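Order of the sequence lines sets the chain letters (A, B, ...), proteins ahead of strands, with each chain counted from 1. Nothing here was measured: the structure is a model prediction, and the numbers come from that model.
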There are 4 protein chains.
Amino acid sequence: MNYDIHPSSSTPIFRQITDQVKRFIASGQLKTGDTLPSVRTVALHHAINPMTVSKAYNMLEMEGVLVRMRGVGMVVAERRNTARDKTNLAMPAMLSAAQVAHQLGLDKEQAIKLFEQALKVTHNESKKNAD
Amino acid sequence: MNYDIHPSSSTPIFRQITDQVKRFIASGQLKTGDTLPSVRTVALHHAINPMTVSKAYNMLEMEGVLVRMRGVGMVVAERRNTARDKTNLAMPAMLSAAQVAHQLGLDKEQAIKLFEQALKVTHNESKKNAD
Amino acid sequence: MNYDIHPSSSTPIFRQITDQVKRFIASGQLKTGDTLPSVRTVALHHAINPMTVSKAYNMLEMEGVLVRMRGVGMVVAERRNTARDKTNLAMPAMLSAAQVAHQLGLDKEQAIKLFEQALKVTHNESKKNAD
Amino acid sequence: MNYDIHPSSSTPIFRQITDQVKRFIASGQLKTGDTLPSVRTVALHHAINPMTVSKAYNMLEMEGVLVRMRGVGMVVAERRNTARDKTNLAMPAMLSAAQVAHQLGLDKEQAIKLFEQALKVTHNESKKNAD
DNA sequence: GTGGTCTAGACCACT
DNA sequence: GTGGTCTAGACCACG
C-alpha cells in the first residue's frame with residue numbers, strides 16, 4: 001500500500017494523503033483494523049516532512065476515519081457504506097476533469113477517449129510502483 | 001459581458017476571472033480581437049481591487065490567451081487550438097480523475113460511467129450560466 | 001520609405017518611430033530637406049493612433065532632427081556626422097542582443113551564426129515590404 | 001548570493017531580479033535544486049516590498065525557471081537547455097539588432113563587426129560583475 | 001519558517 | 001482613456 005504523492009501539485013500534500021486514505025478504505029484495500037504505514041515510514045519514503053503526514057493522520061482521526069491505537073499506530077476505524085462513498089469520493093475529480101473538457105470545447109467522445117487514455121496511464125503507473 | 005465574482009469563495013478572485021475569461025473564449029462569447037472590460041471597469045463594478053483584475057489579465061497574457069494592445073486594453077489573442085494543445089491542457093485533470101478512480105478500485109466501465117455523469121452535470125451547469 | 005511598426009513590442013510605438021527616423025537619416029535613406037510621410041499617412045497605414053505619430057515627430061523636432069515647415073510637413077534638418085552616428089545608433093540593440101547571447105551561454109561562433117540568420121530574415125522581410 | 005538592485009533604474013525592480021536570477025543560473029552560480037533567498041529576506045535586505053520580490057519569483061516559476069517547494073521556498077528547476085530553446089530565446093533580440101543594422105544601411109560585414117564588439121563589451125561587463 | 005492573496009492608494013507611461 | 005509598477009500592511013495556507 002503506497003501513497004502517490006506529488007509535492008509540486010497544487011493540492012496540499014496533507015490533502016493528498018487524507019484523500020488517498022479515504023479512497024483506499026472505500027475501495028476495500030484498507031479494511032477495519034488494518035494499520036496504516038507509520039508517519040516516519042511515509043515521510044522517509046516520499047521525502048516529505050513528518051509533520052505533514054502527522055497532520056493528515058490527525059485530521060483523519062478527528063473525522064473518525066482512523067483510530068489511534070497506543071503502541072500500534074493508526075488503524076482504520078469501523079467500515080462505512082462504501083458503494084455510496086465511492087461515488088462521493090470520485091465525483092469532485094470527475095467534475096473537474098469534465099469541466100476542463102467542456103471548457104476546451106471537447107465533445108463527449110473526445111473527452112471519454114482522453115479519459116480512457118488517462119486510465120491506461122494510471123493503470124500502468126500503479127503496476128510500475130508495485131515492483 | 002459580465003464576470004461572476006464571489007469574493008468569499010475559496011478560489012482566489014484572480015483565478016475566478018482567468019477561468020471565466022477562458023470559458024467565455026471557449027464558448028465563443030469572446031472571439032479573437034474582442035477587447036475585454038477594462039481593469040478599472042471590472043474593479044469598480046465588483047468592488048474589488050484593480051490590482052487583482054490586473055493580475056488576472058496579466059496571467060492570461062502570459063499564457064497567450066490575451067494580448068495587451070497599448071492604449072486599447074486587453075484583446076483576445078489569436079486562437080491556436082491545436083488538437084495537441086487541447087490534449088496537453090486536458091491531461092492533468094484527466095489523470096487525477098483516473099487516479100482517483102483507480103484508487104477507489106473502480107473498473108474501467110464504472111469509471112467511465114461516473115465520468116459521463118460528470119460531463120452531463122457540467123454541460124447542464126454551463127447552460128444554466130448562459131441564461 | 002516605410003516604417004516597421006510592431007504594436008505588440010515592448011518598446012513604445014513612438015520610440016520605434018523616432019529610432020527608425022534617426023536610422024534612416026544616418027543611413028542616408030533620408031537626406032536634409034526630405035519630407036517625411038505625413039502623420040495621417042503613417043497612422044492609417046499602420047493602424048495606429050495619429051497622436052502617437054505626432055508625438056514622435058514632435059520629439060524629433062525638439063531634438064533638432066526634424067524641422068516643421070508650414071504647408072509642407074516635417075522635413076529632415078541639417079545633416080550630422082553619420083559615420084559616428086551609425087555606431088551610436090546601432091550599439092544599444094547590438095549590446096542587448098549580445099547580452100542575451102551571453103546569458104544563454106552561447107559562445108562567439110554560435111552567437112554570430114544566429115545574428116547572421118537574423119540579418120538574412122530582416123533582409124528578406126524588407127524586400128517583401130517593398131513589393 | 002546577492003542581488004544588485006537599483007530602485008531608481010528605469011527597468012522595474014521585479015525585472016532586475018528575474019534577469020539576475022536567470023544570469024546566475026546561466027553562469028552556474030545557481031544550479032538545479034538550489035534554493036533562492038526567501039522573499040522576505042530579499043525584501044528586508046534591499047528595503048523593497050515583499051510583493052515585488054514575490055512577483056519576480058512568480059514570473060520565473062511561470063517561465064519554468066523556478067519551482068515552488070512548499071515550506072522550502074523557490075528552487076531552481078531542472079534545466080532543459082535544448083539548443084532549440086536557446087535559439088527561440090535569442091532570436092527576438094537578434095532580429096531587432098539585425099533590423100537596426102539594416103535600417104542604418106550597414107552591410108553584413110559591418111553589422112557583424114559591430115556585433116562582435118558588443119559581444120566583447122558584454123563579456124567584459126560580466127567579468128567585472130563577477131568580482 | 002515558506003509563499004499566496006488581497007486592499008487602498010499612489011505615480012508613471014502610452015495612446 | 002488604457003495597463004504597469006510599487007508601497008505598506010494585513011491575513012491565510014502550508015510544512
Side-chain angles (χ1 to χ4, degrees), chain A residues 7 9-17 43 46-56 59, chain B residues 5 7-17 35-43 46-61 66-75, chain C residues 7 9-17 43 46-56 59, chain D residues 5 7-17 35-43 46-61 66-75:
Chain A
S9 159
S10 69
T11 67
I13 295 176
F14 82 89
R15 199 94 220 292
Q16 295 180 40
I17 297 176
H46 294 93
I48 58 180
N49 196 316
M51 291 277 297
T52 309
V53 186
S54 179
K55 178 176 177 182
M59 294 190 65
Chain B
I5 308 286
S8 60
S9 159
S10 72
T11 67
I13 296 176
F14 83 90
R15 196 125 241 291
Q16 296 181 38
I17 296 176
T35 74
L36 274 77
S38 82
V39 167
R40 288 164 171 77
T41 310
V42 176
H46 295 91
I48 58 179
N49 193 296
M51 283 263 318
T52 308
V53 185
S54 180
K55 182 176 179 180
Y57 282 6
N58 239 310
M59 295 194 65
L60 288 168
E61 189 199 7
L66 300 183
V67 172
R68 198 176 69 233
M69 292 198 49
R70 324 181 90 108
V72 175
M74 307 303 286
V75 173
Chain C
S9 158
S10 70
T11 67
I13 295 176
F14 83 90
R15 199 96 220 290
Q16 294 181 40
I17 296 176
H46 295 92
I48 58 180
N49 194 318
M51 291 278 296
T52 308
V53 185
S54 179
K55 179 176 177 183
M59 294 191 65
Chain D
I5 307 286
S8 59
S9 159
S10 71
T11 68
I13 296 175
F14 83 91
R15 196 126 242 291
Q16 295 180 39
I17 296 176
T35 74
L36 274 77
S38 82
V39 167
R40 288 163 170 79
T41 311
V42 176
H46 295 92
I48 57 179
N49 191 297
M51 282 265 316
T52 307
V53 186
S54 179
K55 182 176 177 179
Y57 282 6
N58 237 310
M59 295 193 64
L60 289 168
E61 190 199 6
L66 301 182
V67 172
R68 199 176 67 233
M69 292 198 50
R70 325 181 89 110
V72 176
M74 307 301 287
V75 172

- line: Separation of F:dG1 atom P from B:Leu36 atom CG, nearest Å, is 19 Å
message: Can you tell me which nucleotide in E:dT5, F:dG15, F:dG3 comes closest to the side chain of D:Met51?
response: E:dT5
- request: Give the rounded distance in Å between these two atoms: CD of B:Glu61 and P of F:dT2.
  value: 17 Å
message: Applying a 4.0 Å non-hydrogen cut-off, can you work out what A:Asn49 is touching in the nucleic acid: base, sugar-phosphate, or nothing?
response: sugar-phosphate
message: Which nucleotide wins on minimum distance to the side chain of B:Phe14, given the candidates F:dT7, F:dG3, E:dC6?
response: E:dC6
message: Between A:Thr52 and B:Gly71, which residue's closest nucleotide on DNA chain F lies nearer the 5′ terminus?
response: B:Gly71
D:Leu66/D:Val75 under side-chain contact (heavy atoms from CB on, under 4.5 Å): CA gap, chis, key distance, verdict: CA-CA 5 Å; D:Leu66 301 182; D:Val75 172; over 6 Å; no
- request: Mind checking A:Ile13 for me? I need base, sugar-phosphate or nothing, with any heavy atom below 4.0 Å counting as a touch.
  value: sugar-phosphate
- request: Looking at every strand, decide which applies to B:Met69 at a 4.0 Å heavy-atom threshold: base, sugar-phosphate, or nothing.
  value: nothing
Under 3.5 Å: donor-acceptor pair, side chain of D:Arg70, backbone of A:Ser9: yes
task: Could you tell me the separation between the CE atom of D:Met74 and the P atom of E:dG1, rounded to a whole number of Å?
output: 19 Å
- line: Heavy-atom nearest nucleotide on DNA chain F taken for B:Val39 and for D:Val72; more 5' hit belongs to B:Val39
message: Does A:Ile17 form a side-chain contact (heavy atoms from CB on, under 4.5 Å) with A:Val53? I'd like the steps, not just the answer.
response: CA-CA 7 Å; A:Ile17 297 176; A:Val53 186; 4.3 Å; yes
field: Nearest-neighbour nucleotide for the B:Tyr57 side chain, E:dG4, E:dC14, F:dG3 considered
entry: F:dG3
- request: Assign D:Lys55 to base, sugar-phosphate, or nothing according to its heavy-atom contacts below 4.0 angstrom with the strands shown.
  value: sugar-phosphate
message: Would D:Glu61 and D:Asn58 count as a side-chain contact (heavy atoms from CB on, under 4.5 Å) here? Give the steps.
response: CA-CA 5 Å; D:Glu61 190 199 6; D:Asn58 237 310; 3.9 Å; yes
statement: Result for 5'-nearest mapping on DNA chain E, choosing between D:Arg40 and B:Arg15, is D:Arg40
message: So if I take every side-chain heavy atom of B:Arg70 and compare against E:dC14, F:dG15, E:dT2, which nucleotide ends up nearest?
response: E:dC14
query: Rounded to whole angstroms, how far apart are CG on B:Asn58 and C1' on F:dG3?
result: 9 Å
message: What's the closest nucleotide to the side chain of C:Pro12 if the choices are E:dC6, E:dC14, F:dG15?
response: E:dC14
- prompt: Between B:Leu66 (CG) and F:dT2 (P), how many Å, whole number?
  reply: 16 Å
field: Side chain of B:Ile48 - closest among F:dG3, E:dG3, E:dT7
entry: E:dT7
field: B:Arg15 side chain to B:Ala56 backbone, donor-acceptor under 3.5 Å
entry: no
message: Whole angstroms only, please: what is the CD1-P distance between A:Ile17 and F:dC14?
response: 13 Å
message: Taking 4.0 Å as the cut-off, does a side-chain nitrogen or oxygen of B:Ser54 come that near to OP1 or OP2 on F:dG3?
response: no
message: If we check side-chain contact (heavy atoms from CB on, under 4.5 Å) with B:Ser38, which of these qualifies: B:Leu36, B:Thr35, B:Thr41?
response: B:Thr41
statement: Under a 3.5 Å limit on both distances, the Watson-Crick or wobble mate of F:dG4 is E:dC11
field: Separation of E:dC6 P from B:His46 NE2 (nearest whole Å)
entry: 14 Å
